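These notes concern the structure reproduced below.
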Amino acid sequence: MLQFYFDDHDDPRSFELPGAKPHYNPDRPGQVEHIALNLALNIPQQSYEGTCSIRLKPVRNGIQSLTLDAVSLNIKSVKVDKKKLSFAYDGEQLNIKLNEPTKVDHPFTIAIAYSVEKPQRGIYFVGHDRHDPYKPVQVWTQGEDEDSRFWFPCFDYPGQLATSEIKIKVPKQFMAISNGELIAVKEEGESKIYHWYQKEVHPTYLMTLAVGDFAEIQDEWQGKPVTYYVEKNRQEDARRSMGKTPHMISFFSQIFGYAYPYPKYAQVCVADFIFGGMENTSTTLLTDRCLLDERAALDDQRTETLVAHELAHQWFGDLVVIKHWSHAWLKEGMATYSEVLWTDHEYGADAAAYYRLIEARNYFSEDKNRYRRPIVTHVYREAIELYDRHLYEKGGCVYHMIRAELGDELFFKAIATFVQDNAHKTVETIDLLRAIEKATGRNLLFLFDQYVYRGGHPEYRVSYSWDNNNSFAKITVTQTQVKSDKKNPHPHKELFDLKIPIAFGYVHETEGVKLTTFTVRIHEREQSFYFPLPEKPRFISFDAGNHYLKTVQLDYPVAELKEQLKLDPDPISRIYAAEALAVGPKKNGGNLEAVKALAEALKQEPFWGVRLEVAKNLGKIKLDQAFDALVEGLKDENPWVRRAVVEALGTIKTAESYKALKPLVEKGDPSYYVEAAANKAIGSIAAAKLDEKPKESRVIKLLKTVLEERAGWNEVVRNGAIAGLSELKTSEEALNIILHYTQAGVPQPLRLGAIRALGTISTGQNAPALERILERLSELSAETFFLTQVAVVTALGQMETPKAIGILQSLADQTPDGRVRRIAEEAIHKVEKKIGSDKALKQLRDELQQLKKQNQELRSRLETLEAKSQ
């Protein structure tokens, strides 16, 4: 599964929220051998009815009752061999009393007749309405983590693996896609009955159904069908977006040491999907927002990596199944790392290294700003809380560190051993360690203890000096995550013990750049190392290759940083050098020598990822020379670099930077994202306090024109204009425009962007305008669509008024979705921190309807906030 992520938090707190507790799989009464659904859809009524049959092979004698997970289902009858059983149902669990106690090796089949009306979760009915008359009519399911129980009764935890089949009756014009092989399609009046059979075992959360009027695009891999299902006007986009799938199947079959294990692979793009994608066995569901038009394909590789991620799950998660949610990193971490592996295969080692750096940064952000946790933990409120950047990005980085420890040959041998030994079985983290030891003889428990079973990562500060008289280099490494004061009684628990390669770079006339590498053990808070060298090195590369998950601050002289930026063969090391140059030797930026080095790199650096980072760092230096270099960077052939240049110019906030960006807003750019960044940047510049700046009214008029004329793929460009307007925090006109685009009927991606923008613009508005924003967000919070609720929470979390807390608390109390509940509670904490969290304020949260503040006090606060925001 690939989630949408929401990183709008700046308040660290514990991962374990009130109500968290240890979770274990339930006792197993027997082995579920087969699940059969026989259902008839009533799409206009958003309902269905039928039977769920479960064949169970008891593991012990004498069991007299069974308890199944079943939420908000209408249970009509329960039978075994046509004999009715008595049952009790509380709306969440179905307790069945067996007529005869179980006997080992005597399987039996329970047939449960039931119906569902307007389901809340698990199965979703999508269709057009008066606000969106063109939305396709579709029905689709989403089981992970524990949502299958919302659409059929089951033992809903990943430890049970069974074969499955679905017979589904749908209107004649629709197609139904599910797991496994299509056994038959039978017409019955104005309906069709599709019969799908999955002969390979899988857990309940991977059972799926997708119904719609789809176009079917056929492909194949070694004789197996590879099929893409999309709306009928999106066939070209389907080929463009998913056409590399057969090549990916070959690649993953090879590197995982196990040929693709299912009879077909289908990808179904559906409307309003609540994740990026979901890897149901042999049938992945994807959001239709991943479909690329020709222009989007220029610089949007997220679709390609999404396709790779979900495909990799067919091995990691579907073929090899986690036994418990606490071990979900085994599948999500490898699916995430498979994005890196595919990037390396398709675009080269530099692109893969940079992709991995971005993943690491995503994890760092969550670790610093949200919470720190072990990757493997069974203490939570709902399993879906585990699906975060620790699970995905940190998990992916752990797989890469395993690869770095073993080397490529042994790493892929270990991966193949893990897959082959555990195919069609369930696993825990210890099984990966066992596979590594079996295949390679290596015991990597030391790495797992530090990165998997506890939270955090090393944060290194590295300094260098050269002793010319004695010809040695001194490297001092400090683990800054460890505090040395008396308030830290157990600093050793925060230390990392790793063997890190340190390379010294030289340039030879005939051989080019050469590295002399030493590996040192870093296990104390501060250590100094001395290296006798034949001559002074040109540059120093800490953690050569940059394989370990860490942050690093380089305290090197400018000369060595310049050489590293220019010569280090590793792109990540060159990026670290650029960051250190931007900070400057005195931590104040503004070093002209550094600017010249960065400006040269922006022109000469061969890898676009480094140029992108150089542009970002030039934006941090407030010198005219930095501006001049960035303006030149607008001509860069790579759209990702141009986007970074635009964003950097937006941070400079001068009349000159506005003049440089205005043509991009007026005339556009080949890249949607570059154009969107320019739209946002001019709003940010117009909001700044400058002696000379563009008139606010002109900027609003320009952005309004963009909103009226630039509708396009996923509303990327118009969302940039909304973001630009949100920067004008004191403008009533900008607020009115944003409010207009929060109305029903606005294209969903644009509407969600406008909702989020209400939080950004709120901090500078006067009291009446703030009330309008709160009233609108309160109305929107009543909508049930997951992404709308998330957008509302994101907006409220940016606000600085206690009234936002009441809306957030109400949403947290009423939403059935654990993800929304959690981020709403985190947003409450964030708002409380901004405005103070004393007892009186907490009382205001509970008694918000009685809250009254004097207008003058509120106006004064808003004036102060307005001044701070500009």
Side-chain angles (χ1 to χ4, degrees), residues 1 35-54 68-78 87 89-94 112-129 132 135-157 164 166-171 174 176-179 191 194 196 203-212 268 270-275 278 280 283 285 287 382-384 748 782-790 811 814-821:
M1 175 173 65
I35 300 171
L37 301 180
N38 192 341
L39 306 174
L41 288 179
N42 186 332
I43 294 177
Q45 296 299 317
Q46 298 187 12
S47 65
Y48 60 95
E49 62 180 357
T51 59
C52 171
S53 298
I54 301 173
L68 277 68
D69 300 300
V71 181
S72 301
L73 310 180
N74 301 315
I75 306 298
K76 297 180 179 180
S77 67
V78 181
F87 64 88
Y89 181 53
D90 63 3
E92 293 188 357
Q93 290 189 317
L94 174 63
I112 304 164
Y114 73 107
S115 64
V116 176
E117 298 174 359
K118 292 184 168 50
Q120 288 184 324
R121 289 161 66 177
I123 187 167
Y124 298 81
F125 289 79
V126 175
H128 45 250
D129 55 30
D132 190 352
K135 181 177 288 186
V137 175
Q138 296 175 353
V139 181
W140 47 264
T141 63
Q142 165 52 42
E144 193 170 17
D145 58 315
E146 296 175 343
D147 281 6
S148 287
R149 63 187 66 185
F150 285 83
W151 73 284
F152 65 94
C154 54
F155 296 98
D156 197 13
Y157 59 96
S164 69
I166 294 180
K167 291 182 180 179
I168 185 74
K169 186 177 182 179
V170 300
F174 292 125
I177 304 106
S178 187
N179 312 92
S191 301
Y194 286 80
W196 291 87
T204 54
Y205 80 87
L206 292 176
M207 289 180 64
T208 193
L209 174 66
V211 176
V268 190
V270 297
D272 287 358
F273 198 56
I274 57 177
F275 297 131
M278 180 62 213
N280 309 296
T283 303
L285 267 58
T287 172
E382 298 182 48
I384 198 66
Q748 186 190 98
E783 297 187 17
T784 58
F785 181 48
F786 168 69
L787 294 179
T788 302
Q789 290 188 341
V790 169
L811 185 52
Q814 295 176 24
T815 182
D817 195 294
R819 295 158 296 178
V820 175
R821 187 178 305 111

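Note that the structure is predicted; figures quoted are calculated from it, not measured.
Closest approach of S115 to K76, counting heavy atoms only: OG-CE, 3.6 Å. Considering every non-hydrogen atom in both Y89 and V71, the closest pair reads OH-C, 3.6 Å.
Contact check for W196 versus L209: no side-chain heavy atoms found under the 4.5 Å cut-off. Put simply, the side chain of I384 does not reach to within 4.5 Å of the side chain of E144, judged on heavy atoms. Side-chain contact between Y114 and C52 is present, with at least one heavy-atom pair separated by less than 4.5 Å. By the 4.5 Å heavy-atom criterion applied to side chains, F87 and L94 are counted as neighbours. For the pair S47/F125, no side-chain contact is recorded, criterion being any heavy-atom separation below 4.5 Å from C-beta on. Looking at T141 and M207, their side chains never come closer than 4.5 Å, going by heavy atoms from C-beta outward. Side-chain contact between F786 and V820: present, with at least one pair of heavy atoms (C-beta onward) separated by less than 4.5 Å.
A donor atom on one side chain and an acceptor atom on the other are not found under 3.5 Å apart for Q120 and S72. Side-chain contact of T51 with N38: a donor-acceptor pair under 3.5 Å is absent, judged by distance alone.
Between the side chain of E146 and the backbone N or O of Y157 there is no donor-acceptor pair closer than 3.5 Å. Side-chain atoms of S178 do not come within 3.5 Å of backbone N or O of I166 as any donor-acceptor pair. The closest donor-acceptor contact from the side chain of Y194 to the backbone of V170 lies at 3.5 Å or more, if one exists at all. Between the side chain of Y48 and the backbone N or O of I168 there is no donor-acceptor pair closer than 3.5 Å. Counting only distance, with no hydrogens or angles, the side chain of D69 and the backbone of D156 share a donor-acceptor pair below 3.5 Å.
In this structure, CZ in F174 is found 9.5 Å from CG in L41, a value given to the nearest 0.5 Å. For the atom pair CG (L811) and CG (D817), the distance works out to 10.0 Å, reported to the nearest 0.5 Å. Distance check: R121 CZ to R149 CZ gives 9.0 Å after rounding to the nearest 0.5 Å. In this structure, I43 CD1 and Q138 CD are separated by 10.0 Å, a value rounded to the nearest 0.5 Å. Distance check, rounded to the nearest 0.5 Å: CD of Q748 to CG of D272 gives 4.5 Å. Once rounded to the nearest 0.5 Å, the distance linking CD1 of I112 with CD1 of I54 reads 4.5 Å.
Using a 30° and 60° split on the angle between ring planes, W140 and Y124 fall in the parallel class, below 30°.
The residue from V268, I177, N179 that alone fulfils the side chain to side chain contact (heavy atoms under 4.5 Å, CB included) condition with T208 is N179.
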> Please walk me through it: do E49 and N74 pass side chain to side chain donor-acceptor pair (under 3.5 Å)?
Replying inline: CA-CA 9 Å; E49 62 180 357; N74 301 315; over 6 Å; no
